[in-house]
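Just below is one structure, and these are the notes that go with it.
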Amino acid sequence: MMIQDIEVKRFSVPLKKPFKTALRTAYNLDSILVKITCDNGMVGWGEAPATIVITGDSIESIEAAIVNTMKPQLIGKSLLAYEQVFHTLHQSMVGNSSAKAAVDMALYDLIAQRCNLPLYQLLGGYQNQLETDYTVSVNSPKEMGEDAAEYLKQGFNVLKIKVGKDNIDEDILRIQEIRKSVGNQVKIRLDANQGWDMKEAIRSIRKMEDMGLDIELVEQPVKAHDIEGLRRVTHAVDTPVMADESVFSPAQAFEILHTRAADLINIKLMKSGGIFKAQLINQMAEECGVPCMVGCMIESRLSVTAAAHFAASKKNITRFDFDAPLMLLNDVVDGGVRYDGRLMTLPDLPGLGIRSVNV
């Protein structure tokens, strides 16, 4: 089962509504499609969106990394020795985690097809259904309250609220308005996307605790490099704190776990470089008693399907942030994970269960 060809193609899909965080405003999904063909005719699919403010990877850099560097080193490799293949992929160049993730998921798609198993079963098979949250973009308190109420009507009972763009008082007004709109029946997670400093984070989280806003967790309150600040926030508040942008690699995860800088870790394939390294992060976290979430960038149902296969396979992954495909105006994927409101069901077809991608 030799890798015969690796093809890439750019595609873009508009969002139903602009996606706003403390780091950026997105109007479209701009992504790279990867198709790997083996000498036995099997095809594996992968995807890498450009999220330059988080991963540093642009459409141009993802495409160039795959075509000019990864492809020449992988052509002719046998997937029956896939440990060698993944080491070659990750040692092919420094960084470029999104490009690596796209190739990684296509390789896993092929390996699982060769074993005639859905990928989540090959990886562990813990469950085949997940419940995703839904993200409320950062806007005025009134608009965010209206959006939250609409998502509640659609059946979502966990909302991920973007904050950190303005001052803390405005963020608290946002949460108050959302609580007023949805009541106490909905879990609320906050994602500051590095928008606060350490003292702001401690002050704001404590204030929300005192106000009884019932926040499930706060994600990445401080800058990604500020591990000591993250640790101080984690130890100063009662609300669980989750590391996101601070953790790309297993080595960074080790630092978070060793210093007890966060209560949870958010794993994203576009940060870890794919499933191969994501498994290492989750295994270390599990040994340390730290649960994980698996999330996504603005991605299509293709790469979210790969992330969902990984997430569903592991007991230690307890939270799921896979709402991005629901934000797209068009669905370009035939096959893959199926949505029924907040409920996601993994396909029972071999591999990722992707039949075709129409871009």
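When reading the values below, keep in mind they use all heavy atoms of this one structure, side chains included, and skip hydrogens, waters and symmetry mates. The structure presented is a predicted model; accordingly, all values stated were derived computationally and were not measured.
- Distance check: K277 NZ to S249 OG gives 8.5 Å after rounding to the nearest 0.5 Å.
- I205 and V233 make their closest contact through CD1-CG1, 3.9 Å (heavy atoms, listed as atom of the first residue, atom of the second, distance).
- The OG1 atom of T318 lies 7.0 Å from the CG atom of N316; values are rounded to the nearest 0.5 Å.
- Within the 3.5 Å criterion, the main-chain N or O of M144 finds no donor-acceptor partner in the side chain of N139.
- Separating the NZ atom in K315 from the CD1 atom in I317 is a distance of 12.0 Å, to the nearest 0.5 Å.
- Residue pairs meeting the side chain to side chain donor-acceptor pair (under 3.5 Å) criterion with at least one partner in residues 33-45, sequence neighbours excluded, do not occur; the list is empty.
- In this structure, the side chains of I32 and K9 stay at 4.5 Å or more apart for every pair of heavy atoms.
- Residue pairs meeting the ring-ring contact (aromatic ring centres under 6.0 Å, His included) criterion with at least one partner in residues 9-43, sequence neighbours excluded, are absent.
- Side-chain contact between E47 and S300 is present, with heavy atoms from C-beta onward closer than 4.5 Å.
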Check the pair L110, M105 against side chain to side chain contact (heavy atoms under 4.5 Å, CB included), reporting the backbone distance first and the verdict last.
-> CA-CA 9 Å; L110 287 161; M105 66 182 69; over 6 Å; no

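- Exactly one of D171, I178, L173 qualifies for a side chain to side chain contact (heavy atoms under 4.5 Å, CB included) with P141. That residue is L173.
- Side-chain contact between E209 and R206 is present, with at least one heavy-atom pair separated by less than 4.5 Å.
- Side-chain contact between I3 and L79 is present, with at least one heavy-atom pair separated by less than 4.5 Å.
- Note: the hydrophobic cluster containing Y82 also contains V103 (ILVMFWY, side chain heavy atoms under 4.5 Å, direct or indirect links).
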Could you walk me through whether R189 and M293 pass side chain to side chain contact (heavy atoms under 4.5 Å, CB included), step by step?
-> CA-CA 12 Å; R189 302 168 178 166; M293 171 191 276; 3.3 Å; yes

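- The closest donor-acceptor contact from the side chain of R342 to the backbone of G155 lies under 3.5 Å.
- A salt bridge is absent between D210 and K207: the closest approach of a Lys/Arg side-chain nitrogen to an acidic carboxylate oxygen does not fall below 4.0 angstrom.
- In terms of modelled atom types and a separation under 3.5 Å, the side chain of Q252 and the main chain of F248 share a donor-acceptor contact.
- Residues K160 and V136 form no side-chain contact, since every pair of their non-hydrogen atoms from C-beta on lies 4.5 Å or further apart.
- Residues R10 and D30 are not paired through a salt bridge, judged by the lack of any N-O separation under 4.0 Å between the basic side chain and the carboxylate.
- Within 6.0 Å of CD on Q84 lie no more than 12 heavy atoms contributed by other residues, nucleotides or ligands.
- The shortest heavy-atom contact between P49 and M297 is CG-CB, 4.3 Å.
- The pair D147-K17 counts as a salt bridge, with a side-chain nitrogen and a carboxylate oxygen less than 4.0 angstrom apart.
- Between L123 and K314 the shortest heavy-atom distance is O-NZ, 2.7 Å.
- Screening residues 259-269 for side chain to side chain donor-acceptor pair (under 3.5 Å), with sequence neighbours left out, gives E219-N266, D244-K268.
- For Q220 (side chain) and S246 (main-chain N/O), a donor-acceptor pair under 3.5 Å exists by modelled atom type.
- For the residue pair Q154 and E150, a side-chain donor N or O sits within less than 3.5 Å of a side-chain acceptor on the partner.
- Within 6.0 Å of atom NE2 in H258, 12 or fewer heavy atoms from other residues, nucleotides or ligands are found, so the atom counts as exposed in its surroundings.
- Put simply, the side chain of S61 gets close to the backbone of S58: a donor and an acceptor are under 3.5 Å apart.
- Annotation for V332 and V13: closest pair CG1-CG2, 4.0 Å, computed over non-hydrogen atoms.
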Can T135 and D323 be said to form a side chain to side chain donor-acceptor pair (under 3.5 Å), step by step?
-> CA-CA 7 Å; T135 303; D323 55 349; 2.8 Å; yes

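- Between D334 and R355 a salt bridge is recorded (basic side-chain N to carboxylate O distance below 4.0 Å).
- In terms of hydrophobic clustering, with Ile, Leu, Val, Met, Phe, Trp and Tyr side chains grouped at heavy-atom distances under 4.5 Å, W196 and I54 are assigned to a common cluster.
- Formation of a donor-acceptor pair under 3.5 Å by the T234 side chain with backbone atoms of A261 is found in this model.
- In this structure, the side chain of D104 engages the main chain of I275 through a donor-acceptor pair within 3.5 Å.
- Without hydrogens or angle criteria, N193 side chain to L23 main chain gives no donor-acceptor distance under 3.5 Å.
- Identified under the ring-ring contact (aromatic ring centres under 6.0 Å, His included) test for residues 143-162, with sequence neighbours left out: Y134-Y151, Y134-F156.
- Rounding to the nearest 0.5 Å places CD1 of I66 at 10.0 Å from CE of M93.
- In this structure, CD on E216 lies 8.0 Å from CG on L264, to the nearest 0.5 angstrom.
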Any chance you could lay out the side chain to side chain donor-acceptor pair (under 3.5 Å) test for E146 and S181, step after step, and finish with the verdict?
-> CA-CA 7 Å; E146 291 170 349; S181 296; over 6 Å; no

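- T345 places no side-chain N or O within donor-acceptor distance of the main-chain N or O of R338, the cut-off being under 3.5 Å.
- At a threshold of 4.5 Å between side-chain heavy atoms, the hydrophobic network of Ile, Leu, Val, Met, Phe, Trp and Tyr places L130 and L349 in two separate groups.
- Taking CD from Q73 and CG from N68, the interatomic distance works out to 11.5 Å, rounded to the nearest 0.5 Å.
- For the pair K100 (side chain) and G95 (backbone), a donor-acceptor distance under 3.5 Å is present.
- R231 has a carboxylate O that lies under 4.0 Å from a charged side-chain N of E228, or vice versa, which qualifies the two as a salt bridge.
- Side-chain contact between I175 and M208: present, with at least one pair of heavy atoms (C-beta onward) separated by less than 4.5 Å.
- Looking at T88 and L74, their side chains come closer than 4.5 Å, going by heavy atoms from C-beta outward.
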Full working for side chain to side chain contact (heavy atoms under 4.5 Å, CB included) between I265 and L257 = CA-CA 9 Å; I265 292 175; L257 296 166; 4.0 Å; yes

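- The pair K165-E170 does not meet the salt-bridge criterion, since no charged nitrogen lies less than 4.0 angstrom from a carboxylate oxygen.
- Nearest heavy atoms, C292 versus A285: SG-CB, 3.6 Å.
- The hydrophobic cluster containing V67 also contains I36, counting ILVMFWY residues as joined when their side-chain heavy atoms lie under 4.5 angstrom apart, directly or transitively.
- Listed by chain and residue number, F276 satisfy the ring-ring contact (aromatic ring centres under 6.0 Å, His included) test with H87 (two or more places apart in sequence, or in another chain).
- Hydrophobic clustering (ILVMFWY, side-chain heavy atoms < 4.5 Å, transitive): L217 and V237 are in distinct clusters.
- The stretch residues 283-337 participates, sequence neighbours left out, in these ring-ring contact (aromatic ring centres under 6.0 Å, His included) pairs: Y120-H309.
- When every heavy atom of G195 is checked against every heavy atom of A22, the shortest pair comes out as CA-CB, 4.5 Å.
- Using a 4.5 Å heavy-atom cutoff, the side chains of Q129 and L343 are in contact.
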